[in-house]
Amino acid sequence: VVIYNVTMKALRRGKQWDLVEELLQEMLSRSIQPDNITYSTVISCARRCDLPHKAVEWFERMNKSGCVPDEVTYTAMIDAYGRAGKVQEALHLYERARADGWRPDAITFSILLKMYGIAEDYDGAHNTFQEMKALGVAPNLITYNTMLDAIGKAGRPSMAKALFKEMIDVGLTPNQVTLTSLLRIYGKARWADDALKLWERMKEEGWATDLILYNTLLSMCADIGRFEEAERLFQEMGESENCKPDSWSYTSMINIYSSGGQVEEASNMFNKMIEAGFKPNVMVFTCLIQCYGKAKRFDDVVRVFNLLLDEGIFPD
RNA sequence: UGGACGUAGAUU
């Protein structure tokens with residue numbers, strides 16, 4: 001059983017649903033009894049592959065086979081329901097598990113918060129967060145991050161700011177995910193002061209950055225109209241070891257220049273992007289065409305449009 | 001051996 005479980009876990013990383021299901025079938029045909037570890041792995045694989053009905057199918061077969069779900073299997077299944085937008089089913093299962101005497105942990109609550117976030121149900125998320133605390137379950141870093149994201153979807157920057165303060169106060173150290181969510185929220189809300197202050201603080205505290213965080217900083221600069229900072233940042237990325245600009249970074253820069261009417265810069269960045277081996281997508285092309293249009297450089301409009309056709313790209 | 005989190009852009 002252990003060998004099978006380990007193999008499935010490895011396959012799950014590559015979202016190889018078919019292979020996982022095949023393995024499980026093989027286990028059954030050889031009368032090797034799958035356990036909770038097997039089923040939770042299978043169920044979480046199904047949800048990562050966006051196959052919630054498969055998760056349900058195997059959860060039911062598990063119950064029929066007489067294997068009693070444990071807490072991990074329950075949470076994996078609740079997660080599968082949550083991702084599929086089946087809030088009622090998820091809550092029902094949660095209640096059922098609780099009736100069985102199960103004490104939910106921080107992971108369970110994070111999953112429920114994620115579900116409400118996807119459903120854009122801020123009140124649901126808020127109530128769950130309160131309930132969690134009332135039950136004496138301490139939110140961890142991921143719980144806070146998930147809650148931040150739910151707040152972000154609801155577009156409530158002041159709540160986000162308060163939550164961030166709370167997590168620092170309870171002694172947690174924000175990671176890249178935390179900072180990415182928060183900067184995105186501030187940027188979208190055009191809270192330039194808070195965004196820039198947070199950026200300063202990141203540097204002072206020496207909080208680690210990664211590529212996604214850099215890219216978020218770039219688009220945050222775009223949101224609050226700070227293209228000089230974006231340029232510095234982009235250069236810093238180029239000089240960095242592990243955060244070299246990727247296609248998102250180039251695209252952000254092109255957008256920043258384009259929205260500021262800086263045609264030359266946008267067009268240079270576009271060339272650099274191609275030189276660096278990235279393929280621009282429709283959005284980049286549209287953006288550039290618009291930019292040339294505004295500058296009345298119609299020959300360039302036509303040139304880029306033909307380039308687009310050469311690439312065989314069409315709007316979605 | 002098993003469960004949870006983050007990034008852009010089209011005439012807003």
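Here is the naming used below: chain letters follow the sequence lines, and residue numbers restart at 1 for every chain.
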Side chain of N5(A) only, heavy atoms from C-beta on: which candidate in U1(B), G2(B), G6(B) is closest?
U1(B)
Considering only heavy atoms, which members of residues 209-226 of chain A lie under 4.0 Å from some atom of RNA chain B?
D210(A), I212(A), L213(A), N215(A), T216(A), S219(A)
I'd like to check, for W248(A), whether its ring lies over the base of A8(B) with centroids under 5.5 Å apart and a plane angle smaller than 30°.
yes
Heavy atoms from C-beta onward define the side chain here; which of G3(B), U1(B), C5(B) lies closest to that of V177(A)?
C5(B)
Pair F234(A) and Y250(A), ring centroids less than 6.0 Å apart:
yes
Which part of the nucleic acid does D105(A) contact within heavy-atom distance under 4.0 Å: base, sugar-phosphate only, or nothing?
base
Minimum-distance nucleotide (side-chain atoms of M283(A) versus A8(B), G6(B), A10(B))
A10(B)
Please determine, by modelled atom types, if T73(A) and D70(A) share a side-chain donor-acceptor pair under 3.5 angstrom.
yes
Distance check needed: C5(B) P versus L183(A) CG, whole Å only.
20 Å
Base of G9(B), side chain of S258(A) - is there a donor-acceptor contact under 3.5 Å?
no
T146(A) near the nucleic acid: base, sugar-phosphate alone, or nothing, with a heavy-atom cut-off under 4.0 Å?
sugar-phosphate
Quick check: any donor-acceptor pair below 3.5 Å linking the side-chain of D70(A) to the base of G3(B)?
no
Grab the NZ-C1' distance between K9(A) and G2(B) for me, whole Å please.
7 Å
Indicate whether the side chain of E236(A) and that of Y214(A) have a donor and an acceptor atom separated by less than 3.5 Å.
yes
Would you say G3(B) has OP1 or OP2 under 4.0 Å from some side-chain N or O of R12(A)?
yes
Between C5(B) and R83(A), is there an OP1 or OP2 to side-chain N/O distance shorter than 4.0 Å?
yes
For F227(A), which residues count as a ring pair (Phe, Tyr, Trp, His ring centres under 6.0 Å) partner, sequence neighbours excluded?
none
With heavy atoms under 4.0 Å as the rule, sort T7(A) into base, sugar-phosphate or nothing.
nothing
Protein-nucleotide distance (M273(A), atom CE; A8(B), atom C1'), rounded to Å:
11 Å
Checking K203(A) against W199(A): charged group under 6.0 Å from the ring centre and within 45 degrees of the axis?
yes
Between U1(B) (C1') and L11(A) (CG): distance, integer Å
13 Å
Give one of base, sugar-phosphate or nothing for I107(A), where a contact means two heavy atoms less than 4.0 Å apart.
base
d(CG, L113(A); P, G6(B)) in whole Å
13 Å
Just checking T73(A): base, sugar-phosphate only, or nothing, at a heavy-atom cut-off of under 4.0 Å?
base
Would R61(A) count as a cation-pi partner of W58(A), with NZ or CZ less than 6.0 Å from the six-membered ring centre and within 45° of the ring normal?
yes
Is there a donor on the side chain of T41(A) or the base of G2(B) sitting less than 3.5 Å from an acceptor on the other?
no
Return the value, rounded to whole Å, for the distance between atom CD of Q33(A) and atom P of G2(B).
20 Å
Remember a base hit wins even if backbone is also touched, and classify K188(A) as base, sugar-phosphate or nothing at under 4.0 Å, heavy atoms.
sugar-phosphate
OP1 or OP2 of G6(B) under 4.0 Å from side-chain N/O of K114(A):
yes
What integer distance in Å separates E71(A):CD from G3(B):P?
13 Å
Should the side chain of S181(A) and the base of G6(B) be counted as holding a donor-acceptor pair, with the cut-off at 3.5 Å?
no
If you go through the side-chain atoms of N140(A), does one of them form a donor-acceptor pair with the base of A4(B) closer than 3.5 Å?
yes
In sequence, state the C-alpha distance, the side-chain angles, and the governing distance for Y292(A) and S267(A), and then conclude on side chain to side chain donor-acceptor pair (under 3.5 Å).
CA-CA 9 Å; Y292(A) 282 132; S267(A) 140; 3.1 Å; yes
What is the nucleic acid contact for V72(A), judged by heavy atoms within less than 4.0 Å: base, sugar-phosphate only, or nothing?
base
Report the distance from atom CD1 of I118(A) to atom P of A4(B), rounded to the nearest whole Å.
13 Å
Taking the six-membered ring for Trp and the full ring for Phe, Tyr or His, determine whether the centres of F285(A) and F270(A) are under 6.0 Å apart.
yes
Decide yes or no, distance alone: a donor-acceptor N/O pair under 3.5 angstrom between the base of G6(B) and the side-chain of N175(A).
no
Among the candidates G9(B), G3(B), U1(B), find the nucleotide nearest to the side-chain atoms of I111(A).
G3(B)
Inter- and intrachain pairs under side chain to side chain donor-acceptor pair (under 3.5 Å), touching residues 107-120 of chain A, at least two apart
D105(A)-T108(A), S110(A)-T143(A)
